[in-house]
Amino acid sequence: MRVLVLSDIHANLPALEAVLADAGTWDALWFLGDLVGYGPDPVTCIDRIQALAAVALAGNHDWGVLGRIPLQTFNAAARWVLEWTRNQLPASLWAYLERLPPQAEAEGFTLVHGSPRAPIWEYILDPYTAWENFAAMSARVGLFGHTHVAIAYHIPRPEEARLLIVEPVYNEPLSLQEGRWLLNPGSVGQPRDGDPRAAYAILDLETMTWTFRRVPYPVRETQERMRRLGFPPFLIERLAYGE
Ligand code: ZN
């Protein structure tokens, strides 16, 4: 079974389309949250994921649109887009967002948006936070998003207090056979590692491998849509730099 793992699409349709075209064939799509926010195409992106995803989670921006998180907790630019997004969604898509859980189990993997111990909120940005979250997770392998940076944290031997940070090597399958893993595919719609290309991953359950992938997409197309809609300039510009 070949699983396409996506996170943080953020209503960026050209990025999502580039990923779907690049991914080849897959048997299941797992989405780790943040369908909306930041980007100009919430309706089409929700439609696509509703049609394609076997598992889909809610992220903090999805909850922000729904009003489950106060908008004051977001910065001004993000808040502007969340308010704009609220006015775009038909009732059926609103209801779909409401049904998305903050975490899920699939094929023995734990799936969260932020972290196993705080699925909506916590950012796993350092080995210490990763270590604490391994302790909070019963599955051997967990998948997370939220930081918009592709990364793997690895405990080679659970009986030893040693944790490795594994930087992505794109297109090279990483074996998950040994030890424990926390894996982040990076962000489809708003990468923040200095590389503007859309990020995603392929999880192969037969070979038990994880492959980080990157694909360029027409950034200018997304930026043009945002400009026409009067989006905050900071959000338009950052897409070009992947920051
Ligand atoms: Zn996000």
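Order of listing sets the numbers, starting from 1, for every ligand and every atom in it. The chain is numbered in sequence order, starting from 1.
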Next item on the list: Flag the pair Asp193 and Arg214 as a salt bridge only when some basic side-chain nitrogen lies within less than 4.0 angstrom of an acidic carboxylate oxygen.
Entry: yes
Check: Taking NZ, NE, NH1 and NH2 as the nitrogens, is one of them in Arg225 or Glu221 under 4.0 Å from a carboxylate oxygen of the other?
Finding: yes
Check: Given atoms NE2 of His148 and OD2 of Asp34, what angle do they subtend at the Zn ion (ligand 1), to the nearest 10 degrees?
Finding: 180°
Note to self: I'd like to know if Glu224 and Arg227 make a salt bridge, using a cut-off of under 4.0 Å between side-chain N and carboxylate O.
What the structure shows: yes
Note to self: If the cut-off is 2.8 Å, does any N/O/S atom of His10 fall short of it from the Zn ion (ligand 1)?
What the structure shows: yes
Note to self: From the N, O or S atoms in Asp8, identify the one nearest to the Zn ion (ligand 1).
What the structure shows: OD1
Next item on the list: Would you kindly confirm whether Ile49 and Val19 end up in one hydrophobic cluster when ILVMFWY residues are joined by side chain heavy atoms under 4.5 Å apart?
Entry: yes
